[in-house]
Amino acid sequence: MISSQQELEDALAAGSQVLEVDSPAAAELQLPRGAGSMFNSITVHLRGSSRMAISDAMVMAHDESTVISGPDGVVTADGSATVLGSGVVNASGRAHVVAGGSASVTAWGHAQLELSGAASARVSGEASVLAGEDSRVWAGGLSQVELRQDAMCLVSGLAPDGGVRIVTPDAVAPGQEGQVYRAGGGVSTLADPATWCQMFHVAVDNGVATVFKAVDTFWTTAWAVRQGIFYRPGSLPVAPDWEDADTGGGLHFSPTPFQARQVVRSCTHVVACGVRIDEMRPLTDEVCKAPRVVRACEKVDE
């Protein structure tokens, strides 16, 4: 069992694959960058009242331990563990998560979340969320979401014996399936292109939204090439089979490069494309379509 910074460094130097940590709460251990990442299969378990700062590690926090996570950290928290910072967090039990930046949190059980910045969370069970600044929440089960500032919440997956409770500065109300709630009191759905863009932090400039497409070496996809559609940098592709309907043809896009890669997992490139928001049609909470690209395709960093 590791109880000090020196013992942690000795265990890493010895090539230990599983690190069991139970250190005094007053001693904040530092895990070096590159240690405990998915590439060297190290698993870190924090127990008791241990406290550890990480940058890109994978850590499991138990009991009443605390993790201070950087943007590349991956933390699984249960019991009454606390997670501070950003990165990817999975929280259950009565874990407490304070997340900012572009953190991505999944929570269930009786977990408690405090979100700021552009953090996002998907919650269920009886989780409770305090969402501020420009954070986003996907809420289901019997969760409670309090919205402040420019935060938004999509209600999805209500529990059979109850539902999501939405709290804004002016009202407390039961959440309705498929509705998007704002801290200012407005209610809409993801069928509205403006709401879809705002929910996913899609940049919109003069009515043109920046969305993303994952493509192969030839700047197309298995489906698009049959339609003669290519997304080469500098090009303005147009859908030959556009239908303003939930099904049918069009050019399909994702709100972020990461989500674009999830759609086309064998992709070689990701391109950013500008589409008119008044021509966009959201299809799901992660895919939209449009009849054409109006701002030329541009290769983005991968």
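Index from 1, following the sequence.
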J.: Show me the donor-acceptor pairs within less than 3.5 Å that the side chains of residues 68-82 make with the rest of the protein, sequence neighbours left out.
T.:
{"residue": "Ser69", "atom": "OG", "partner": "Ser86", "partner atom": "O", "Å": "3.1"}
{"residue": "Asp78", "atom": "OD1", "partner": "His62", "partner atom": "ND1", "Å": "3.1"}
{"residue": "Asp78", "atom": "OD2", "partner": "His62", "partner atom": "ND1", "Å": "3.3"}

J.: Any side-chain to backbone donor/acceptor pair from Trp196 onto Leu283? Under 3.5 Å, distance only.
T.: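 Between the backbone of Leu283 and the side chain of Trp196 there is no qualifying donor-acceptor contact (under 3.5 Å).
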J.: Calculate, to the nearest 0.5 Å, the distance between atoms CZ and OG belonging to Phe258 and Ser104 respectively.
T.: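 OG of Ser104 is found 8.0 Å from CZ of Phe258.
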J.: Hey, does the side chain of Gln112 reach the backbone of His110 with a donor-acceptor pair shorter than 3.5 angstrom?
T.: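 Checked: no pair found.
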J.: Keeping the roles fixed (side chain from Glu133, backbone from Ser116), state whether a donor-acceptor pair exists under 3.5 Å.
T.: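 No; judged by distance alone, with no hydrogens or angles, the pair does not exist.
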J.: Is atom CZ of Arg165 surrounded by more than 12 heavy atoms (other residues, nucleotides or ligands) closer than 6.0 Å?
T.: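 Open: at most 12 neighbouring heavy atoms sit under 6.0 Å from CZ of Arg165.
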J.: Do Gln6 and Asp10 come within less than 4.5 Å of each other through their side chains, counting heavy atoms only?
T.: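 A side-chain contact under 4.5 Å exists here.
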J.: Do Val202 and Val208 share a hydrophobic cluster (ILVMFWY, side-chain heavy atoms under 4.5 Å, transitive)?
T.: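 They do not share one cluster, since no chain of ILVMFWY contacts under 4.5 Å joins Val202 to Val208.
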J.: Can you check whether Val294 reaches Arg292 side chain to side chain, under 4.5 Å on heavy atoms?
T.: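 The answer is yes, as the side chains (C-beta and beyond) meet within the 4.5 Å cut-off.
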J.: Do we see a donor-acceptor contact under 3.5 Å between the side chains of Arg122 and Ser156?
T.: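 Not at all, the side chains of Arg122 and Ser156 share no donor-acceptor pair under 3.5 Å.
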J.: Quick one, Val67 and Leu46 - any side-chain contact, counting heavy atoms below 4.5 Å?
T.: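 Answer yes - side chains close enough.
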J.: Check whether His252 reaches the backbone of Gly250 with its side chain - one donor and one acceptor, N or O, closer than 3.5 Å.
T.: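 Checking the backbone N and O of Gly250 against the side chain of His252, a donor-acceptor pair under 3.5 Å is found.
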J.: Is there a side-chain contact (heavy atoms from CB on, under 4.5 Å) between Leu251 and Lys289 once you walk through the steps?
T.: CA-CA 5 Å; Leu251 308 179; Lys289 72 175 188 177; over 6 Å; no
J.: Decide yes or no for Leu115 and Leu130: does some side-chain heavy atom of the first lie under 4.5 Å from some side-chain heavy atom of the second?
T.: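 Of all side-chain heavy-atom pairs linking Leu130 with Leu115, none is under 4.5 Å.
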J.: Considering only heavy atoms from C-beta outward, does the side chain of Cys197 approach that of Met280 to under 4.5 Å?
T.: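 Answer yes - side chains close enough.
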J.: Would you confirm whether Thr220, through its side chain, and Ile229, through its main-chain N or O, come within 3.5 Å as a donor-acceptor pair?
T.: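 Yes: the side chain of Thr220 pairs with the backbone of Ile229.
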J.: For a side-chain contact (heavy atoms from CB on, under 4.5 Å) check, start with the C-alpha distance between Met199 and Trp138, then their side-chain angles and the critical distance, and finish with the verdict.
T.: CA-CA 10 Å; Met199 192 71 189; Trp138 283 255; 3.9 Å; yes
J.: Under 3.5 Å, is there a donor-acceptor pair between the side chain of Asp216 and the main chain of Phe218?
T.: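 Pair found, side chain donor or acceptor close to backbone of Phe218.
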J.: Got a donor-acceptor contact below 3.5 angstrom from the Glu7 side chain to the Ile2 backbone?
T.: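 No.
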J.: Starting from the C-alpha separation in whole Å, work towards a yes-or-no answer on side-chain hydrogen bond (donor to acceptor under 3.5 Å, both in side chains) for Thr217 and Thr268.
T.: CA-CA 5 Å; Thr217 304; Thr268 304; 3.2 Å; yes
J.: Starting at CD of Glu286, measure out to CD of Gln259 and round the result to the nearest 0.5 Å.
T.: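 These two atoms lie 4.5 Å from each other.
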J.: Hey, quick one: are Val129 and Leu142 part of the same hydrophobic cluster, counting side-chain heavy atoms closer than 4.5 Å, chains of contacts allowed?
T.: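 They do not share one cluster, since no chain of ILVMFWY contacts under 4.5 Å joins Val129 to Leu142.
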J.: Table please: side-chain donor-acceptor pairs of residues 169-185 below 3.5 Å, with sequence neighbours left out.
T.:
{"residue": "Glu177", "atom": "OE1", "partner": "Gly157", "partner atom": "N", "Å": "3.1"}
{"residue": "Glu177", "atom": "OE1", "partner": "Leu158", "partner atom": "N", "Å": "3.4"}
{"residue": "Glu177", "atom": "OE2", "partner": "Gly157", "partner atom": "N", "Å": "3.1"}
{"residue": "Tyr181", "atom": "OH", "partner": "Gln176", "partner atom": "N", "Å": "2.7"}
{"residue": "Arg182", "atom": "NH1", "partner": "Gln198", "partner atom": "OE1", "Å": "2.7"}
{"residue": "Arg182", "atom": "NH2", "partner": "Thr195", "partner atom": "OG1", "Å": "3.3"}
{"residue": "Arg182", "atom": "NH2", "partner": "Gln198", "partner atom": "OE1", "Å": "2.7"}

J.: Should the ring pair Tyr231 and Phe253 be called parallel, tilted or perpendicular, given that the plane angle runs from 0 to 90° and is split at 30 and 60?
T.: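 Correct class here is perpendicular.
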J.: If every non-hydrogen atom of Ala57 is compared with every non-hydrogen atom of Ile54, which pair is closest and at what distance?
T.: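 Closest heavy-atom pair between Ala57 and Ile54: O-CD1, 3.8 Å.
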J.: Could you give me the CA-CA distance, side-chain angles and deciding distance for Cys273 and Phe212, then say whether side-chain contact (heavy atoms from CB on, under 4.5 Å) is met?
T.: CA-CA 6 Å; Cys273 307; Phe212 300 89; over 6 Å; no
J.: Between Arg33 and Asp56, is the closest basic N to carboxylate O distance under 4.0 Å?
T.: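 Arg33 and Asp56: salt-bridged.
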J.: Going only through I, L, V, M, F, W and Y residues with side-chain contacts under 4.5 Å, is there a path from Leu236 to Phe230?
T.: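 No, no single cluster joins them.
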J.: Could you go through Gln144 and Glu126, starting from their C-alpha distance and side-chain angles, then the distance that decides it, and tell me whether this counts as side-chain contact (heavy atoms from CB on, under 4.5 Å)?
T.: CA-CA 7 Å; Gln144 174 173 302; Glu126 297 183 48; over 6 Å; no
J.: Could you check whether any side-chain N or O of Ser16 sits under 3.5 Å from a backbone N or O of Leu19, counting only pairs where one atom can act as donor and the other as acceptor?
T.: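 Not a single qualifying donor-acceptor pair exists.
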J.: Between Pro24 and Ser3, which heavy-atom pair has the shortest distance, and what is it?
T.: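 Closest approach of Pro24 to Ser3, heavy atoms only: CD-O, 3.5 Å.
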J.: Might you point out which heavy atoms bring Ser49 and Asp22 nearest each other, and give the distance in Å?
T.: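 Closest heavy-atom pair between Ser49 and Asp22: N-OD1, 4.4 Å.
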J.: Taking a hydrophobic cluster as the set of Ile, Leu, Val, Met, Phe, Trp and Tyr residues connected by side-chain heavy atoms closer than 4.5 Å, whether directly or through intermediates, do Val293 and Trp223 fall within one such cluster?
T.: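 Yes, Val293 connects to Trp223 through the hydrophobic network.
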J.: Which of these, Leu154, Leu113, Val145, sits in a side chain to side chain contact (heavy atoms under 4.5 Å, CB included) with Val137?
T.: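 The residue from Leu154, Leu113, Val145 that satisfies side chain to side chain contact (heavy atoms under 4.5 Å, CB included) with Val137 turns out to be Val145.
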J.: Between Ser254 (side chain only) and Thr256 (backbone N and O only), is there a donor and an acceptor less than 3.5 Å apart?
T.: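 Here the side-chain-to-backbone pair does not exist.
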J.: Is there a continuous path of hydrophobic side-chain contacts, each under 4.5 Å between heavy atoms, that joins Val155 to Trp108?
T.: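 Different clusters: Val155 never reaches Trp108 through Ile, Leu, Val, Met, Phe, Trp or Tyr contacts under 4.5 Å.
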J.: What is the minimum heavy-atom distance between Ala245 and Arg281, and which atoms define it?
T.: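 Nearest heavy atoms, Ala245 then Arg281: C-NE, 3.1 Å.
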J.: Hey, could you give me the CD/OG distance between Glu114 and Ser128, rounded to the nearest 0.5 Å?
T.: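 Taking CD in Glu114 and OG in Ser128, the distance rounds to 9.0 Å.
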J.: Give, for atom CZ of Arg47 and atom CD of Glu64, the distance between the pair rounded to the nearest 0.5 Å.
T.: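 CD of Glu64 is found 14.0 Å from CZ of Arg47.
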J.: Which heavy atom in Ala139 sits nearest to a heavy atom in Cys153, and how many Å separate them?
T.: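 Here Ala139 and Cys153 meet closest at CB-SG, 3.7 Å.
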J.: Does atom CD of Gln262 have more than 12 heavy-atom neighbours, drawn from other residues, nucleotides or ligands, at distances under 6.0 Å?
T.: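 Yes, because the 6.0 Å sphere around CD of Gln262 holds more than 12 heavy atoms from other groups.
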J.: Looking only at non-hydrogen atoms, find the nearest pair between Pro282 and Ala191 and report the distance.
T.: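 Between these two residues, the closest heavy atoms are CD-O, 3.7 Å.
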J.: Hey, does Ser120 have a side-chain heavy atom less than 4.5 Å from the side chain of Ser135?
T.: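 Not touching, per the 4.5 Å side-chain cut-off.
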J.: Using modelled atom types and a 3.5 Å cut-off, is there a donor and acceptor pairing between side-chain atoms of Ser143 and backbone atoms of Val164?
T.: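 Side chain of Ser143 to backbone of Val164: no pair is present.
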J.: How about CG on Asp278, more than 12 heavy atoms from neighbouring residues, nucleotides or ligands closer than 6.0 Å, or not?
T.: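 Atom CG in Asp278 is crowded, with more than 12 foreign heavy atoms closer than 6.0 Å.
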J.: Below 4.0 angstrom, N of the basic side chain to O of the carboxylate: do Arg136 and Asp134 qualify?
T.: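 Asp134 and Arg136: salt-bridged.
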J.: Are Arg232 and Val215 side-chain neighbours, meaning at least one heavy-atom pair lies under 4.5 Å?
T.: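 No, side chains not in contact.
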J.: Quick one: salt bridge (charged side-chain N to carboxylate O under 4.0 Å, His left out) partners of Glu28, sequence neighbours excluded?
T.: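 Testing Glu28 for salt bridge (charged side-chain N to carboxylate O under 4.0 Å, His left out), a comparison that skips the adjacent residues, returns Arg51.
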J.: Look up atom CD in Gln5 and atom CE in Met52, then write down how far apart they are to the nearest 0.5 Å.
T.: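 Going from the CD atom of Gln5 to the CE atom of Met52 covers 7.5 Å.
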J.: Nearest 0.5 Å, please: how far is OG in Ser4 from CD in Glu9?
T.: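 Taking CD in Glu9 and OG in Ser4, the distance rounds to 8.5 Å.
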J.: Compare all side-chain heavy atoms of Trp219 with those of Cys297 and state whether any distance is below 4.5 angstrom.
T.: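 No. Closest side-chain heavy atoms not under 4.5 Å.
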